[in-house]
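Residue numbers begin at 1 in each chain, while the letters A, B, ... track the order of the sequences.
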Number of protein chains: 2
Amino acid sequence: MCVPSVASSVDVASLASRLRTGVWRLARRLRSEADVDLSPTLQAALGTLDRHGPMTPGAFARHEQIRKPTATRTIAALVERGLVERTPDPLDRRVSWLQLSSQGRRLLGRVRRRHDAFLAARLAALRPEELATLERAAGILERLTEGPGTPSEGPEG
Amino acid sequence: MCVPSVASSVDVASLASRLRTGVWRLARRLRSEADVDLSPTLQAALGTLDRHGPMTPGAFARHEQIRKPTATRTIAALVERGLVERTPDPLDRRVSWLQLSSQGRRLLGRVRRRHDAFLAARLAALRPEELATLERAAGILERLTEGPGTPSEGPEG
DNA sequence: GGACGGTAGTTAGTTCTGAGAACTATCCTG
DNA sequence: CAGGATAGTTCTCAGAACTAACTACCGTCC
C-alpha cells in the first residue's frame with residue numbers, strides 16, 4: 001500500500017468535499033424518498049430505540065451524537081406521534097425511559113419494508129461490504145471532529 | 001466481515017444520519033477553524049463554481065442536485081457577499097452566467113489552505129487504512145447518488 | 001435537615017438548508 | 001401574434017441542528 005504519507009493534503013481537501021457532496025446528496029435523496037410521513041432523522045431515531053433498547057434521553061443523545069436539546073425535540077416528535085412511550089424512572093425522577101410503542105414497532109416494520117423496496121429498486125448496487133465501509137467511515141468521521149478544542153460539551157461524553 | 005444479509009434498511013437511514021451529522025459537524029468545525037463566515041453549503045457552492053467554470057443557475061442546480069429555488073437563494077447569498085458575479089447572457093435574456101469574483105477566488109483559496117492545514121493535522125492521526133476507507137466511502141457515495149434518477153424534475157436533464 | 005454543586009432535561013431563540021406553489025420574463029413555434 | 005415551454009425568482013413553510021439559559025432533581029456535606 002506504500003503509505004500515502006498524509007502529506008498529500010490536496011487530496012485530503014478534495015476528499016472532504018467529495019464526502020460532503022456525497023453525503024449531502026444521499027441525505028436529500030433519502031428524504032425525498034421517505035414519504036412514510038416520517039423524516040429520515042425520525043426513522044433513524046426509531047431504529048436506534050428499537051435496536052438499542054429502552055434508553056434515557058441523555059443516552060439517546062450520546063448515542064446519536066447530538067446535543068441534548070436536539071434529542072429532546074426528536075423524542076418529543078416521536079412521543080407526540082405515539083411511536084414512542086416514555087416511562088418515568090421510579091428512582092431518579094429527572095430521567096425517563098424511552099421505548100417503542102406497538103404502533104412505533106408497526107410503523108418501523110412498514111418503513112423497513114418500504115426502504116428495502118427503495119434499495120432494491122434504486123440502490124441495488126450497495127453490497128454489504130460497501131455498507132460496512134460506510135459504517136466505518138461514519139465512525140472515523142465522528143472521531144475526526146472529537147479532537148482537541150471540541151467547541152462544546154465535550155467533557156461530558 | 002460476513003455481514004448478515006441485506007442489512008435492513010433502517011440501518012441505511014441510521015447510517016445516512018450518522019454520516020450526515022458527522023460531515024455536518026466536520027464542516028462546521030472547518031468553518032470555525034478557517035475563520036470564514038461562510039456556511040458549508042456556500043463553501044461547497046463556491047467550490048463548484050470554481051471547478052466547473054461559469055455556469056447558469058439552472059446548471060448549478062442540476063449539478064448540486066438541488067431545486068431551483070434553493071439554487072436561487074444560494075447564489076443570491078454569494079452574489080450579495082460579492083463572491084460571485086453574474087453576467088447576463090446576451091442571447092438568452094432569461095439566463096445569466098455565474099463565476100467567481102476575484103474576491104471569491106481569494107476567499108476560496110484561503111478557505112482551502114486552512115482546511116488543508118486542519119485536515120492534514122487531523123488526518124495525520126489516522127492510519128492509512130482509515131484514510132483509504134474514507135476514500136472508498138466517498139467513491140461509494142458518488143456512485144450511489146450520481147446515478148439513476150434525480151428524484152424529480154428529472155426529465156429536464 | 002437545609003444549603004450547595006453537579007447532572008438530566010427542557011425551553012427559547014437562531015441558523016442553515018431544503019422543498020413546493022405560484023409568479024414573471026423570456027424564448028420558440030406555428 | 002397566440003400559446004406553450006423554459007429559466008429564474010419570490011414567498012412560505014418545515015426539518016434539524018446549535019447555543020444559552022433555565023428548571024428539577026440528586027447526592028453530599030456541614
Checklist entry - What's the CD-P distance between B:E64 and D:dG8, to the nearest Å? => result 15 Å

Checklist outcome for this item: Testing D:dG15, D:dA17, C:dG9 for proximity to the side chain of A:T70, the answer is D:dA17

Item to check | Distance in angstrom units between A:R20 CZ and C:dC16 P, rounded | outcome: 15 Å

Checklist entry - Are any of the side-chain nitrogens in A:E135 or B:R18 under 4.0 Å away from the carboxylate oxygens of its partner? => result yes

Checklist entry - Where the side chain of B:S39 is concerned, which of C:dC16, D:dA16, D:dC18 is the nearest nucleotide? => result C:dC16

Next on the checklist: I'd like to know if B:E130 pairs up with A:R143 as an ion pair, taking the criterion as any Lys NZ or Arg NE/NH1/NH2 lying under 4.0 Å from an Asp or Glu carboxylate oxygen.
Outcome noted: yes

Checklist entry - Within this structure, what is the CG-to-P distance between B:D89 and D:dG8, rounded to whole angstrom? => result 10 Å

Checklist entry - Relative to each other, are the rings of B:W24 and A:W24 parallel, tilted or perpendicular (30° and 60° limits)? => result parallel

Checklist entry - Only one of B:L42, B:D37, B:L38 forms a side-chain contact (heavy atoms from CB on, under 4.5 Å) with B:R31, so which one is it? => result B:D37

Item to check | Atom-to-atom span, CZ of B:R25 to C1' of C:dT17 - whole angstrom | outcome: 18 Å

Item to check | Residue closer to the 5' end of DNA chain C, A:W24 versus A:A59 (nearest nucleotide) | outcome: A:A59

Next on the checklist: Given the structure, check if the side chain of B:R73 and the base of C:dG18 hold any donor-acceptor pair shorter than 3.5 Å.
Outcome noted: yes

Item to check | A:Q43 CD - D:dG15 P separation (whole Å) | outcome: 13 Å

Checklist entry - Quick one: which of D:dT9, C:dG9, D:dT19 gets closest to the side chain of A:R67? => result D:dT19

Next on the checklist: Counting only heavy atoms from other residues, nucleotides and ligands, does the tally under 6.0 Å from CZ of A:R73 exceed 12?
Outcome noted: no

Next on the checklist: I need the B:L83 CG to B:I75 CD1 distance, nearest 0.5 Å.
Outcome noted: 13.0 Å

Next on the checklist: Exactly one of B:T56, B:D89, B:T87 should register a side chain to side chain donor-acceptor pair (under 3.5 Å) with B:W97. Which one does?
Outcome noted: B:D89

Item to check | Distance in angstrom units between A:I66 CD1 and D:dG15 P, rounded | outcome: 16 Å

Item to check | Distance in angstrom units between B:L98 CG and D:dA7 P, rounded | outcome: 14 Å

Next on the checklist: Below the 4.0 Å mark, does C:dT17 have OP1 or OP2 next to a side-chain nitrogen or oxygen of B:T41?
Outcome noted: yes

Checklist entry - What is the distance from CH2 of B:W97 to C1' of D:dG8, rounded to the nearest Å? => result 14 Å

Checklist entry - Nearest to the side chain of A:R86, which nucleotide is it out of D:dC18, D:dG8, C:dT10? => result C:dT10

Checklist entry - Looking across every strand, which nucleic acid part, if any, lies under 4.0 Å from B:T56 by heavy atom: base, sugar-phosphate, or nothing? => result sugar-phosphate

Item to check | B:Q43 and B:H115: CA distance, side-chain angles, deciding distance, side chain to side chain contact (heavy atoms under 4.5 Å, CB included) verdict | outcome: CA-CA 11 Å; B:Q43 290 183 23; B:H115 284 188; 3.1 Å; yes

Next on the checklist: Need to verify one output field. Residue with the more 5' nearest nucleotide on DNA chain D, B:A71 or B:R28?
Outcome noted: B:A71

Next on the checklist: Please encode protein proximity along nucleotides 20-26 of chain D as a string of B, S and -, counting only heavy-atom distances under 4.0 Å.
Outcome noted: B---BBS

Next on the checklist: The side chain of B:K68 is closest to which nucleotide in this list: D:dT9, C:dC16, C:dG9?
Outcome noted: D:dT9

